[in-house]
*Asks:* 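Below are the structure tokens for one structure; questions will follow.
Per chain, numbering begins at 1; letters A, B, ... match sequence-line order. Owing to the predicted nature of the structure, the values given are computational and were not obtained by experimental measurement. The analysis underlying the following values was restricted to heavy atoms, covering all of them including side chains, and did not include hydrogens, waters or symmetry mates.
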2 protein chains.
Amino acid sequence: MENPDKTRLKSATLRRARGGSGRVKLDEVAELAGVSTATVSRAFNEPEKVSEAVRDRVMEAANALNWIPNAAGRALASSRTHIAGAIIPTLDNEIFAHQISGMQSVFAEHGFTLFLGCSNYDPAEGLKQVQAMLARGVEALAIVGENHPQELFDALRSRKVPYVVTYSYRQGSPHPSIGFDNGAAFREIVEHLLSLGHRRFAAIFQPEANNDRVKARLDGMRSALAKSNLAVATGDLCIGTSTMEFGAESFRLLMNRAADLRPTAIVCGNDNIALGALSAAAEMGLSAPMDFSITGFDDLTISSRLMPHLTTMKVDNQEIGVRAAKSLLSVINGDVTSPISVELKAQLKVRVSTGPLQRQ
Amino acid sequence: MENPDKTRLKSATLRRARGGSGRVKLDEVAELAGVSTATVSRAFNEPEKVSEAVRDRVMEAANALNWIPNAAGRALASSRTHIAGAIIPTLDNEIFAHQISGMQSVFAEHGFTLFLGCSNYDPAEGLKQVQAMLARGVEALAIVGENHPQELFDALRSRKVPYVVTYSYRQGSPHPSIGFDNGAAFREIVEHLLSLGHRRFAAIFQPEANNDRVKARLDGMRSALAKSNLAVATGDLCIGTSTMEFGAESFRLLMNRAADLRPTAIVCGNDNIALGALSAAAEMGLSAPMDFSITGFDDLTISSRLMPHLTTMKVDNQEIGVRAAKSLLSVINGDVTSPISVELKAQLKVRVSTGPLQRQ
DNA sequence: ATCCGGCATGTAAGCGCTTACAACCTCTTG
DNA sequence: CAAGAGGTTGTAAGCGCTTACATGCCGGAT
């Protein structure tokens, strides 16, 4: 008889004066299906070990009761949580949002749920978030950059939680990383500008404190300039918040000078800052590449649409997220013992905001 | 004696050949501190119930062993998970990212961790994410919009998980909502344009399928126009993806006509589309508000910086996230039985992209 | 007919915490 | 000085699952 007998159903349905969480539990599904709890568990987790007839009966019962397994019970019994974590500085930046979006879709496909933490560029906050995630039993973690308290990495290591550093890749880093070489990227930008004949450089950057990526970018810029015996003068280096406002403000500072004191090339720490500078330029009646050349970094969606189209470096952050998730999953599945580092190349997008030196 | 005796410490530290998760557990902290497991639990969860001396001893032991409580065990025993969930369409949109950022910071402050799910505008995917979150025992959930399968809301209700609909607010909605009235907002935009003398309207919108907000916007626009016996002609309504590309393409379509066939006012479904249209305008040598007026919606960061500054409606999405989180927390804490709906006002930002009708 | 291997299912012991209840101790109070 | 109040700590029973191990069954080999 395929028909589950009515009396059993009734007894399971009526006995609803339950304590605890108040939710339907596996026992009740087992009772209704007329099997043991072990069988219900197997029907869901190792279906091939259960005969088809029984499996169908279990599924039917589970549906009838609208049962959703309790993840806490499952986690406790199996020491598997199917949760992964990601720590990023902030969601207010398109590039990190893209990374999360990539990770989340891959993880969701594999039955993992993603915990999100934002550090707001505060290492202490990042550590706190990681601890919260460890308490929640994340099975793997992705974290942007390597500029974090040693304690954070120690905690991950001592609990054997696999992790990858995302967004930045550095030769000789002690951490598995998936990202690109920030220094090399900025060397390439500077070389592009040098090849156009520029010699007087200014820079507008976000703060380098607690941010290995910005440090590497500044270093990359400086080393490329140094090769040509050039440097950014103190007065031509602006450091401030990563906002369009700051970009605009800095641009005014740099360009409200006699023509021969102005920089001809302006290297910005990211697109956002560069976009701000360009908006100030428009207001001042200056325009690239006639009056100056300017570069960004990130290739935000808007950067290739805005006039003048911004010369910048493109990084596929979604791809970074996808790769990070896949890599972590393969460690979780035991395919490899540790995530393998991958260096992606940032791609120089030469657009109209840079051009040959106009004034000598 | 304040000094925990060394032998106890040793025995706890050495017995590390543990099965299970392999992590340090509460028992060991209790043993090292020389108290019962109940006391350790209380020292962390209800510190006021434990004498100071004992509390210190427990904390010391916990630190020494580097103990992090196992959330699954805790959840199982207390039927509290301290997890909340948020479902948004996509992170690729600044406005939703801001909402998440607001929620996450409030929740983190209160010891809650946030599960993030993206539906990519697919109702089935949204339902799946909600089910995964229910399995994980989320104590509350925020979900963008009300355009979801009834099954989704039923699942939340039957499990008594408090939820709020965010971003959109509609009179008579059966759900507690925190957001603004999309229809009213677009009525206001249209009235602004009408007051400037415009009579020939075009519209560029994202698809309205599965999106109550877009539906409401279109309705709002139409009803405001109807009051003046106006309408958007079929050929003047462009529906497509919410990208700058589509905005640009549509703009070309609308404006590559004889001057007297062009619309004078273009209402866009959001800033992104409007920004795209403006970039196409620049390429075509047209500019607002001379040759046409255009409006957006969202007030993206860039919209107030870009030339010409875009007339749009500002919505404080971070605030929506903050309010949603606070509201859910107060239900969780039992302060109220259900989240109370809040209507926020979208704010019209008149900038230079709209101006008086130039041609008759 | 007997035995054994392999498969399907059941039994029951936890996983790491919380918490009701009990036990105890120290004061206060009549 | 006995009794009770109030505060601190311990005991132990689960929370809802998974899984090692035991059991029972069937068919083919002996």
*Asks:* Round to a whole Å and report the spacing from CZ of R74(B) to P of dG16(D).
*Replies:* 18 Å
*Asks:* Could you check how far CD1 of I68(B) sits from P of dC17(C), rounded to whole Å?
*Replies:* 11 Å
*Asks:* In whole Å, what is the span from the CZ atom of R23(B) to the P atom of dC15(C)?
*Replies:*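 Taking CZ of R23(B) and P of dC15(C), I get 14 Å after rounding.
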*Asks:* Heavy atoms from C-beta onward define the side chain here; which of dT18(C), dG16(C), dT18(D) lies closest to that of S41(A)?
*Replies:* dT18(D)
*Asks:* Between L116(B) and L114(A), does a side-chain contact (heavy atoms from CB on, under 4.5 Å) hold up when you go through it step by step?
*Replies:* CA-CA 6 Å; L116(B) 174 67; L114(A) 189 65; 5.6 Å; no
*Asks:* Does dG10(C) have its OP1 or OP2 closer than 4.0 Å to a side-chain nitrogen or oxygen of T39(A)?
*Replies:* yes
*Asks:* Pick the closest DNA chain C nucleotide for A75(A) and for V50(A) by heavy atoms, then say which residue is nearer the 5' end.
*Replies:* V50(A)
*Asks:* Strictly distance-based, threshold 3.5 Å: is any side-chain N or O of S177(B) a donor or acceptor partner for the main-chain N or O of H175(B)?
*Replies:* yes
*Asks:* Could you give the distance from CD1 (I83(B)) to CD1 (I83(A)), rounded to the nearest 0.5 Å?
*Replies:* 5.5 Å
*Asks:* Once you round it to whole Å, what is the distance between C1' of dT18(D) and CG of N70(A)?
*Replies:* 13 Å
*Asks:* Is there a side-chain polar atom (N or O) of S36(B) under 4.0 Å from OP1 or OP2 of dG10(D)?
*Replies:*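 For dG10(D), OP1/OP2 do have a side-chain N/O of S36(B) under 4.0 Å.
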*Asks:* Determine the contact category for R42(A): base if any of its heavy atoms lies under 4.0 Å from a base atom, sugar-phosphate if only primed atoms, P, OP1 or OP2 are that close, otherwise nothing.
*Replies:*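 Counting heavy atoms under 4.0 Å across all strands, the contact made by R42(A) includes a base.
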*Asks:* Any idea which of dG10(C), dT8(D), dC17(D) is nearest the S51(B) side chain?
*Replies:*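 Ranking dG10(C), dT8(D), dC17(D) by closest atom to the S51(B) side chain puts dT8(D) first.
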*Asks:* To the nearest angstrom, how far is E46(A) atom CD from dA8(C) atom P?
*Replies:* 12 Å
*Asks:* Does N45(A) make a side-chain N or O approach to OP1 or OP2 of dT18(D) shorter than 4.0 Å?
*Replies:* yes
*Asks:* Grab the CG-P distance between L134(A) and dG16(C) for me, whole Å please.
*Replies:* 16 Å
*Asks:* Among the candidates dG10(D), dC17(D), dT18(C), find the nucleotide nearest to the side-chain atoms of L26(B).
*Replies:*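 So the nucleotide nearest the side chain must be dT18(C).
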*Asks:* Nearest to the K25(A) side chain among dG16(D), dT19(D), dT19(C), which nucleotide is it?
*Replies:*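 Among the listed nucleotides, the one closest to the side chain of K25(A) is dG16(D).
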*Asks:* So which nucleotide from dC17(C), dT11(C), dA12(D) ends up closest to the side chain of A38(A)?
*Replies:*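 So the side chain of A38(A) is nearest to dT11(C).
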*Asks:* Select from T37(B) and L76(B) the residue whose nearest nucleotide in DNA chain D is closer to the 5' end of that strand.
*Replies:* T37(B)
*Asks:* With heavy-atom distances below 4.5 Å as the criterion, would you say the side chains of S101(B) and D92(A) are in contact?
*Replies:*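 Of all side-chain heavy-atom pairs linking D92(A) with S101(B), at least one is under 4.5 Å.
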*Asks:* Once rounded to the nearest 0.5 Å, what's the spacing between atom CZ of R74(B) and atom CG of N45(B)?
*Replies:*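 Going from CZ on R74(B) over to CG on N45(B), the span is 5.0 Å.
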*Asks:* Where the side chain of A77(A) is defined as all heavy atoms beyond and including C-beta, which of dT9(D), dT9(C), dC15(C) is the nearest nucleotide?
*Replies:*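 So the side chain of A77(A) is nearest to dC15(C).
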*Asks:* Can you measure K49(B) atom NZ to dT18(C) atom C1' for me and round it to whole angstrom units?
*Replies:*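 Taking NZ of K49(B) and C1' of dT18(C), I get 11 Å after rounding.
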*Asks:* In whole angstrom, give the distance that lies between atom CD of E48(A) and atom C1' of dA8(C).
*Replies:*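 Answer to the nearest Å: 13 Å.
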